[in-house]
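Report on the following structure.
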Amino acid sequence: MALSAAELQKRHGLEGAPDPFPTLGSAPTVPAPVAYKKASNSNSTNGTPINGAATPVDTSSEDAFPSLGTSSAAPTTITKPAVSMWATKPSSVKAGGNKSSRLGVTAPGGLGRSGAPTAGSHPFSDTFSIPAKEIVQGNAAVETIKKVKEQTGAIVESSTQMTTGLKTFLLKAADQKRLVIARRMIERGLSKPVTIQVEVPITTLGTIIGPKGATLKGITDATSCKIDIPRRDTLPSYDANEVASDAGSDDETDEPQVPISITGPSVATADAKNRILSLISHKTSQSSTSIKTIPSSYYPFIAGPKGVKARQLEEEIGGGEVKVHVPPPAVWKALEKQAQGDGEEADVNAKDRDLSIKVRGEKDKVKAVVAEILKQYEVLNDSLRELKISIPKRQHRFLVGSAADDILDQTGCIVELPPVEDPSDQCVIRGPQPSLIPALSLVMDKANAIAVEMVDVVTLHRPNTSDPLAHAKKVLRYLLRASKLRSIADAHSGVKIFPPFASAIANSGTVVIEIVGENKAEVTKAKEEVAQVVKSVLPAAVASAEIDNVVHSFLIGKKGSKIAQFEQAHDVTTVFPPASEESSDVLLIYTGSLDILPSDKKARDARLKEILASASKAISELAKDAADIKTEVLDVEKKWHRYIIGQAGTILNALIGEDQLVNVKVGSSGKNSTASDEDVVTVRGPSGEVERVVTQIKQIVEDAKNDDIVNGYTIEFAVDKKHVPHLVGSSGAAINKLRETLGVRINFDDEPESGAKKVTKKAVVHCKIVGRKEAVDEAKRRLDAQIEKLEDETTEVLTIKRAIQPALIGAGGKYAIRLEEKYGVKISFPRDSKDKDAAAAANPDQVTIRGGKKGVAAVKAELLEAAAFETESRQTATFTVPSKAVAQIVGKQGSTINGIKDETGAQLDIDKTAGDDGKTTITVRGDKKAIAAAKAAVLAVVEDLGDEITLEVQIDPKYHRTLIGQGGQRLRDLIISAGGPTEGFKQSGLVTFPKPGDETTDQVRLRGDSKVVKKIKEELAKQVAVLRETKVIGVIVPASQHASKIGRGGSALQDLQRKTGAVVHFPGSRQYGSIGEIENKSELGDAEAGDIVKVVGTKEVVAKAAELLQVVNERPARTDSRQGRSTPDFPSRSISIPSKYYHAIAEQQNLIRQIRNVGGFITIPQPAPVKPAAPKPSANGSGNGLAAKAARIDLSGDDQGEGDVEGEFELVENYKDAVEGELEWSVRAKEEDLDKVVGILEAALERAKSATHVGLLTGLPRSAFPRIIGSKGATISRLRAETGADIQVSKDDDLISVVGDETSVIQAKDAVLQIVSRPGRSEKY
């Protein structure tokens, strides 16, 4: 399967290499080879451009394609390969100065560069783990690691932890970008493919896909995953606009969820899932759920009295982030609407049906609330019982609303009422079994607590008309429209009047008005008034008039002013039907005085008929005068209808007007309508309004036609069908750009088939361009140019080895893309296919070039030339060396082999396993000269090893530490003086002292070159002889004299040692405890340990040094250095400080300087009290052994084991043996500064008091001490600041002292152990 160069930008992670395809005609920055110049001149004389394709390229010519070899200069200089015609400048093989090496080399001696990754050029590292069971095995894993190294130049190392089942990878790269690319390639290449599903709301699909699929493509490119979104025709139907218009309604539908499948490596699929969810987080974080499985009869139990339980769910489980809406039963809503008396007929409509419970809010909390509601329903369904009872229909309204809340609150029961349209009066009391009887009593009390009176309208008018029911309906309509019932109810306190439901009238055939209230007397009065009003509407006093509903608004007038005048003039009340019914039946009810009418019934009825007939005639005349209703039908083609209607009906609404006096129907919506019926627009209404609307519709259609003429210029032509995909572009990108740029409409349609089949050589597509003439002509010109270019297109297939294709593609595909843009072609490199059959059929070495003939030829020439250069730079050679020499070839932490790589520019790989013949194979990659230089350097190292021997020397263990010296320095000097190597890693293993626990503790092993080993043995014998004559004595020197004996910067001590030749150690020095026992201990008596100075040397030397040490010279008291000068006579103040804190305060750093900075002086009391001996750890012998091991260079890294080191810790009290009593400290300063000086001294005292404990930590390996101290003391300074404790690391043993309060000491100890337990940097080759 071919992959275009543009697509390769998303696949390949190569960066940093120079452009391998520079313009051949550009002036090179470095002189080109002579052969190349001749070739260029020859081409020029023939009149052929350099970058043309006329002259064939001899790819086998050594002169035209020189190898990248090293110069003849000395090896220490930077070698420069010959300048290739592909490179703009010569590349340096030296890693430190090679720009391309710093950017990352994809392969040794790659295109336009040479050299290989080095340890010094890879400062960026990263570590991550992948479960071993999720990693692919076999060749796929090997190829992935190989590809990572080739394409990013990264160093990849891995290890598997059997206990955790994780495979850990360590990556090192030249920069952070390479590091990220390498990690992504490993995570995606090694992880097994998986498929996961993500459910998203249907309305978020547009956000995920993005404009023209850009967002989805970005996710797939970034994660290399396949993302499948269901087709549009398989999605559930859901109208977001319709839902939005009903937002907040109880019957809002839930938004359906759509599953999206993501296929790829586990890490990549998780990344893709997170990217998708982050895009729609604003939508998915909120959720709305309907609970439709719970019967509405249980709703009151869920909601609780007055919604208490629903609010409890919102707060306790929803945390205030959830809203729970429990709708009341439909019958409750219907009865409450009947009680409103709003002038409309109370009835049950579609919105009064039982609805579902809605829960909205934060997604997870919505699920929790829904689960709790369903759990409550299950409990209620199992525990509730029911009791059936008949209650008169008229009393049902007294059992809803607040009455139902009271019943539920007091008894835990509810009353389930039949629907209002159901004539049955049977009710159900539902609740716990013990509460049913108390609930029944309370229900009956509620039902009978209100007085009810009824007025039967049909019965009252039965004697007066042959159709009393029809008349009763008209009376009820009049009473509601005229608000008569509401007026009567308002006139009587606590009285409500309920008109009957339409369903009740249809079921019973009666019209009964109910009057209810707690005051029976008021109810009776209201009943009489209702009956009187009903009787006053005689059958003869009601008439109907047919008035077109279009003119009803004209007759009513603004705020009913016109109809009011008419009613006053004719003593009638006019009742118009609701506008929604579009009925023409208008009721006229005589409302004048009955006293002026004849008393005889027949005469009265006749008079009423005359009055109503006159009123009916008058209103008909008014309707005729108000508006001459007319209907006009316009012949308008259907294609212009959208201009009349406008977006969302806006234009049509503007035509009709706010008063809606006309009715406009666009087209025909009837089932039997024909095509001709769809091309009409019908306008009906008052003639004046009809004329206005018709005029405006004609103008709208005329304007639309004119616009179509201006922007309707059309060109049609045929296009070869094979060119259409190229003209349209990916996802319509090319054609959409043309449409947006020129503002034209372009459509491609297949040629219609005619009756007679026309035989053509090629399939064509019909292209139609519509728009302004200038834009249409330009669009056709551009399409013709593209078609002409496509006609000239050709395809060329090249054979280029797969291994060198990434170098030709370039970082991010930039080289291939530059060729595509320069020559206008498309280059397709083969790509990996998951289908094994397809991969086997495809040739991985075939590269396809498609485009114009000239461009294809030029690209072919450049690719073949670049491929030849890459092939020359990718040579390989192997040779063997003795396995024992591998360590020397590699060097410490790979320094030797890395140096060879840097100097030669070759890549060296050493087999991990040795052969049976004791030989190890080394593979070298690079150009010919680099390979030869690298091989010579390796063999030179092997020759330097010489004849290796092993000797053992017997040396008393007490001399071992002295021979090794501090940090192994003395032993290193000895090896160098014997002619051994100066590099530390080469010295390792030459001299090996026995380790603690060895059976023979006096055997020292020497191994190495025979000459060097023999000289080391002789030198060791000399030094041991000297050590046998050395003795250690103790000299008593008062501690107060130590400072003067040592001198400033140790000058006095150095002078003493130089004069006498002895080594002197004062108490507290790093090596004081490690130089051996004092031989004259009996002569010292009970001298304080702090006064004993150790002197090491021969008998004469130590005697001379002891004599000089015992010369007493007084040392002035430590005080402010300015005390001896002439100082102002400032006020002074004395402070009593316990003697035990004397040394802790006096030895605090910068104390005198701090006092001096505020203009003060301090006098430290003298003589100083005896300083107690520093606390020492309990004698267990473990500490010195660890210190000795850490200080020795004769032990290899494997001998010094890492791991979780606990150490030994001892916590002792500070000042335990300090001198008791108090001393007076004196400070002087100006009056205004004296308090500041005192404050500084008191702060020092508080610090001394807080140091209550001393922690003694031993047994830690000294190899970890550099990590504890950190670079320039950064780590130990940070620990001191974080813990507040003073941490001191001993230089000559493994003691770490921590001073502070008990908490800070423990905290500091834990921090140190945590650092020590952290694994150090491992040695990598």
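Please read all numbers here as calculations on a predicted model, not as lab measurements.
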What is the distance from atom CD1 of Ile357 to atom OG of Ser296, rounded to the nearest 0.5 Å?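 Answer for the CD1-OG pair, Ile357 versus Ser296, is 9.5 Å.
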So, [X] side chain and [Y] main chain: donor-acceptor pair closer than 3.5 Å or not?
X: Gln426; Y: Pro418; result: no
X: His492; Y: Thr524; result: no
X: Thr411; Y: Ser435; result: no
X: Lys192; Y: Lys133; result: yes
X: Asn653; Y: Gly649; result: yes
X: Asp409; Y: Asp405; result: no

Which heavy-atom pair separates Val455 from Leu460 by the least distance, and what is that distance? CG1-CD1, 3.7 Å
Heavy-atom pair with the smallest gap, counting every atom of Ala447 and Leu399: N-CD2, 4.2 Å
Side chain proximity check, Cys413 to Ile429, heavy atoms < 4.5 angstrom: yes
Student check: side-chain heavy atoms of Pro230 and Val258 closer than 4.5 Å: yes
Take Asp271 and Arg275 through the test salt bridge (Lys or Arg N to Asp or Glu O under 4.0 Å) and record every step on the way to the result. CA-CA 6 Å; Asp271 185 17; Arg275 289 172 183 262; 3.2 Å; yes
